[in-house]
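First the structure, in the form of structure tokens, and then the observations on it.
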Amino acid sequence: MITEGNYRIFTLHPIDRSKLYLKVELGSAEPPRVIAVPSDGNPEQHWRLTSSQDSDKPDFFWVTNVSNDLVLTLLSEDHINPDPKSHLVCKIGSLALWRFEKDPNSNQLRLFSDIGLQPERFCVTIWFDLDAGSDSCAFTARVRGETSKREGRVYNQLWALEPVHDAPAPAPAPAPAQPIASGVSNTPLSTDSISPNELQCKYFTLTAHAARDAGPYDIIIVGTGIGGGVLAGDLFDTNSKLGDGAKRILVIERGSLVFHSYCLNSAKPGGVQKDRGHQNGLFFSTFRSKYNVDGPGNALDDWRGGPMYCLGGRSTTWGLYAPRIHDTTLQTYFTPAVCTALTTEFYEKAERLMNLALPNTKTIHQHVIERLNMDPEGRKVNVQWQWGRTASEVRPAGSSKGAFSTTEKLLEIAMSKPDDQAEHENFKILLGVEAREIVWKEGGGFKRAGGVRVKTASGDEIDIQVVGGGKVVLCAGSVATPAILLRSGVDLPEGSAILRDHEILYKVRSFRYKVPSVRAEVGPMKLQTYVDLGENNVALANICLDSSGFLPRGKGANDDIPRFAITFTTKTPLEWQGEVQLDNAREPVLKISKQSRAETQRNRELAIMERLTKAAMKTVQETLKVEFFDERLDEADEAEVQAKIDHNRGWRSPGNGRPTVTTRKQFFQRMGMGAVGHEMGTVPMAGPNEEMTPVDEDLRLSGAFKGVYVCDLSVFPGLPEANPSLTLAALSIRLSRSLLPRLTPGGPTPNELKVVNHSGDTIEVWVSNRAKVIGSGQNKNVKIGPGEHKSWARRKGIHEAVFVFRRNPRERGEVFFPAHELLLGVPGSLLPIM
């Protein structure tokens, strides 16, 4: 019986009976041909057999090459004749399946393909042309058992499989990382009619060996979540503007293509908890991997986070809620330069990128918001309720569409490759490969990044180089990034490498409208406000009112019962923290320990939040004429429901630890560690106190190391009161513009007009001379290439007209449209042409 595994496929030479192995001949043609040659130890002679898992074809297999991206396929010019002219090739995205039939007279096999030829009649046949020499062979298809000589040819249909135990394993197909609830399918949740595997096979063809051979690179980015994905997308856009000044960039992602977009932009499970919720938490718990955690049982029970190894990382399930960090917190944790950069420029850029949107405000909405802001309890803590900041389009039904994920941009880049190129010349994406450590080049008392050592699915370790002065940016996550640094010999300062999360408290209550028609008028509401907790401490409060939002919703017996949910995100650390260490296999493990917290201050803050919650509920009750249902306080019943919810989400097995519940003594419920992907702080960047940190304010690795940057949640120097996604995206854009500036360094002089071409194509420019400057050079028909700039002498205070002519892409050479764009040129300022 044939089983899945790694094999070499061979036949016997008809004369000397030597073994001839099937081998993909990369670079020989398109698609690559398959040939039969003696054993040469080359991995191109290794094949992977994977069951089709098709109930209609239970005995068929996919046959793929070592990197699992090329499928063995028989191409035929004739589907009927018993001896058609055929080629054995390897194709990307082929749907060919193979059946291996044992010959009754020997232990050898016949190979039947299910594509093109009649699969039950013709099998793959190798023939040798004895007239041309015994080494001349080719493939065809003949009726089973028909191997008689003809016109100097010798035919053989019998093959054998030779197991290869050390052969490379394929890149893993997307699959749920953890089991989910009984009765819920364990099949990956499809986001489209096209499977992720098909898109990956078609558009992500780069292998680790090919990536190495295509190097060296100017910039290597490790990871594609919010940090790495935003950075990569912005650098690609900058590259497109710079022409010959573009940099060579490689993006490395450990996982595969699982989602085409944010998980909520397509079909999503309904009725799982009977709460009309978005269920992105279900997607996260289904596809996440678990941290290796070492600690006491009651601590392990509280850890619910973990990485997602896929294109886009956790941006595919989290980050929908995108508030800014309060200025008070920014000034506490970040340097003045970073605070200024975020608040004056990069927050706004990140909000535009993430499609930040607010719903339309009706009179009834404004009335609710005003009453909440006028409440005496709220005024004590300086509340300013407003619409919540959501990184998606807000729809009347309360659902979110167009939610942001880095996956879309990276997939768009991959799908935009020129037809005649396997990859973009200056931008490449490598999937299914793990970055293990940084390769250093020593000299001058420093260690400079020379590249990245990656590990393939087969276990091969390959060094991918950067150019002299090149950059490596680690965006692998708050556990993987410090692990890479530790493997690379970087000793993180004491107090670093500590994984923390902030406390998120919530309260959920069901209610009903006394006048049912009011519900349709009000619709869903998602509100936010900062809360002054005193002593320079701020929390972020969110109200989710009758909305299928991403905030906690709790249990419910009916989808149609509206709910009120209020959440407080605080700077208070959770009870447990984890130090990132390496085990004997050099894999990361989190050593769990308890951290001290100021309980007296915390109790005072809890009292403030409880009073504010009760006041908000009273305001909603009076303003919208609603009635809250009686709160069930039976602890046993609550514990049972919570345990079921946790089990459904794959957080823990039933009975493993005591779930967090609401009791008469606990007004709020609390989210577990990493429950919404906010673990951070293992490689903190510099703060305002000039303490020794692993990373400086520009995200550069400090100390005797050069050319390495870090850009993920690990760089956060403290626990903010807000979801960190927007801030991380802003830091990523800031880093991108630092690594590869878009504007030409050095602005024009006061009596100079400078134009820079960021359109990505050659333009023709005419500039007026109202200042009547003599000897200013050519003013008309000035051609400026992409990324280039041109200056004209003019006079300060006298504005000039700049006429821009675009190139006609349908014409060869530099042929420009006759119509022009008219722009205002101001001497002393830079005019970018986009």
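Just so it is clear, the values below take in all heavy atoms, side chains as well, and ignore hydrogens, waters and symmetry mates.
Atom CG of Leu206 sits about 7.0 Å away from atom NZ of Lys428, to the nearest 0.5 Å. Summarising the geometry, atom CE belonging to Met685 is positioned 10.0 Å from atom OG belonging to Ser702; distances are rounded to the nearest 0.5 Å. A distance of 14.5 Å separates CZ in Arg500 from CG in Leu713, rounded to the nearest 0.5 Å. To the nearest 0.5 angstrom, Leu699 atom CG is 6.0 Å from Leu731 atom CG. Of the inter-residue distances, the one linking Phe346 atom CZ with Leu726 atom CG reads 13.0 Å to the nearest 0.5 angstrom. Distance check, rounded to the nearest 0.5 Å: OH of Tyr530 to OG1 of Thr569 gives 10.5 Å.
Contact detail for Val580 and Leu486: the closest heavy-atom pair is O-CD1, 3.8 Å. What you find for Leu728 and Gly227 is that their closest heavy atoms are CD2-N, 3.7 Å. Closest heavy-atom contact between Lys471 and Val466: O-CG1, 3.9 Å. Contact record, Leu235 with Ile219: CD1-CD1, 4.1 Å, taken as the closest heavy-atom pair. Between Thr238 and Leu740, the closest heavy-atom pair is CG2-O, 3.5 Å.
Not counting sequence neighbours, Asp501 has no partner by the salt bridge (charged side-chain N to carboxylate O under 4.0 Å, His left out) test. Among residues two or more places apart in sequence or in another chain, the side-chain contact (heavy atoms from CB on, under 4.5 Å) test is passed with Ala722 by Pro323, Ile325, Leu540. Applying the salt bridge (charged side-chain N to carboxylate O under 4.0 Å, His left out) criterion to Glu697, with sequence neighbours excluded, gives no partner residue. Partners of Thr682 by side-chain hydrogen bond (donor to acceptor under 3.5 Å, both in side chains), not counting sequence neighbours: none found. Annotation: side-chain contact (heavy atoms from CB on, under 4.5 Å) contacts of Leu353 (sequence neighbours excluded): Val230, Phe404, Ile733. Remark: Arg324 pairs with Glu351 by the salt bridge (charged side-chain N to carboxylate O under 4.0 Å, His left out) rule, at least two apart or across chains. For Lys409, the side-chain hydrogen bond (donor to acceptor under 3.5 Å, both in side chains) test picks out Asp237, with sequence neighbours left out. Residues forming a side-chain hydrogen bond (donor to acceptor under 3.5 Å, both in side chains) with Ser759 (at least two apart in sequence, or on another chain): Asn757. With sequence neighbours excluded, the residues forming a salt bridge (charged side-chain N to carboxylate O under 4.0 Å, His left out) with Arg436 are Glu434, Glu587, listed by chain and number. For Ser714, the side-chain hydrogen bond (donor to acceptor under 3.5 Å, both in side chains) criterion is met by Asp712, not counting sequence neighbours.
Sorted by first then second residue, the ring-ring contact (aromatic ring centres under 6.0 Å, His included) pairs that include residues 221-257, not counting sequence neighbours, are Phe236-His424, Phe236-Phe427. Residue pairs meeting the salt bridge (Lys or Arg N to Asp or Glu O under 4.0 Å) criterion with at least one partner in residues 310-322, sequence neighbours excluded, are Arg314-Glu679.
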Could you walk me through whether Leu739 and Tyr709 pass side-chain contact (heavy atoms from CB on, under 4.5 Å), step by step? CA-CA 10 Å; Leu739 295 176; Tyr709 294 75; 3.8 Å; yes
Report the C-alpha separation of Tyr347 and Thr727 in whole Å, then their side-chain angles, then the decisive distance to 0.1 Å, and conclude whether the side-chain hydrogen bond (donor to acceptor under 3.5 Å, both in side chains) test is met. CA-CA 7 Å; Tyr347 264 147; Thr727 302; 2.7 Å; yes
Stepwise side-chain contact (heavy atoms from CB on, under 4.5 Å) check, Leu411 with Phe204: CA-CA 9 Å; Leu411 183 56; Phe204 296 92; 3.7 Å; yes
What verdict does the side-chain contact (heavy atoms from CB on, under 4.5 Å) test give for Leu257 and Tyr203, after you've listed the backbone C-alpha separation in whole Å, the side-chain angles of each residue and the deciding distance to 0.1 Å? CA-CA 10 Å; Leu257 178 64; Tyr203 295 110; over 6 Å; no
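Side-chain polar atoms of Ser315 and Ser405 form a donor-acceptor pair below 3.5 angstrom.
When Ile438, Val715, Val683 are each tested for a side-chain contact (heavy atoms from CB on, under 4.5 Å) with Leu474, only one passes: Ile438. Results of the side-chain contact (heavy atoms from CB on, under 4.5 Å) test with Ile221 over Cys711, Cys475, Ser736 single out Cys475 as the only residue that passes. Of the listed residues (Phe259, Trp318, Tyr262), just one forms a ring pair (Phe, Tyr, Trp, His ring centres under 6.0 Å) with Phe284, and that residue is Trp318.
Within the 4.5 Å cutoff, the side chain of Lys241 has heavy atoms near those of the Met834 side chain. Counting heavy atoms from C-beta on, the side chains of Thr317 and Phe287 never come closer than 4.5 Å. No side-chain heavy atom of Lys571 sits less than 4.5 Å from a side-chain heavy atom of His502. When side chains are defined from C-beta on, Leu342 does not count as touching Arg734, because their heavy atoms never get closer than 4.5 Å. In this structure, the side chains of Thr224 and Ile429 stay at 4.5 Å or more apart for every pair of heavy atoms. In this structure the side chain of Asn542 never reaches within 4.5 angstrom of the side chain of Lys526, judged on heavy atoms. Between Leu320 and Thr390, the closest side-chain pair of non-hydrogen atoms falls below 4.5 Å. When side chains are defined from C-beta on, Glu721 does not count as touching Thr570, because their heavy atoms never get closer than 4.5 Å.
Residue Asp213 qualifies as enclosed at atom CG: its count of foreign heavy atoms under 6.0 Å is above 12.
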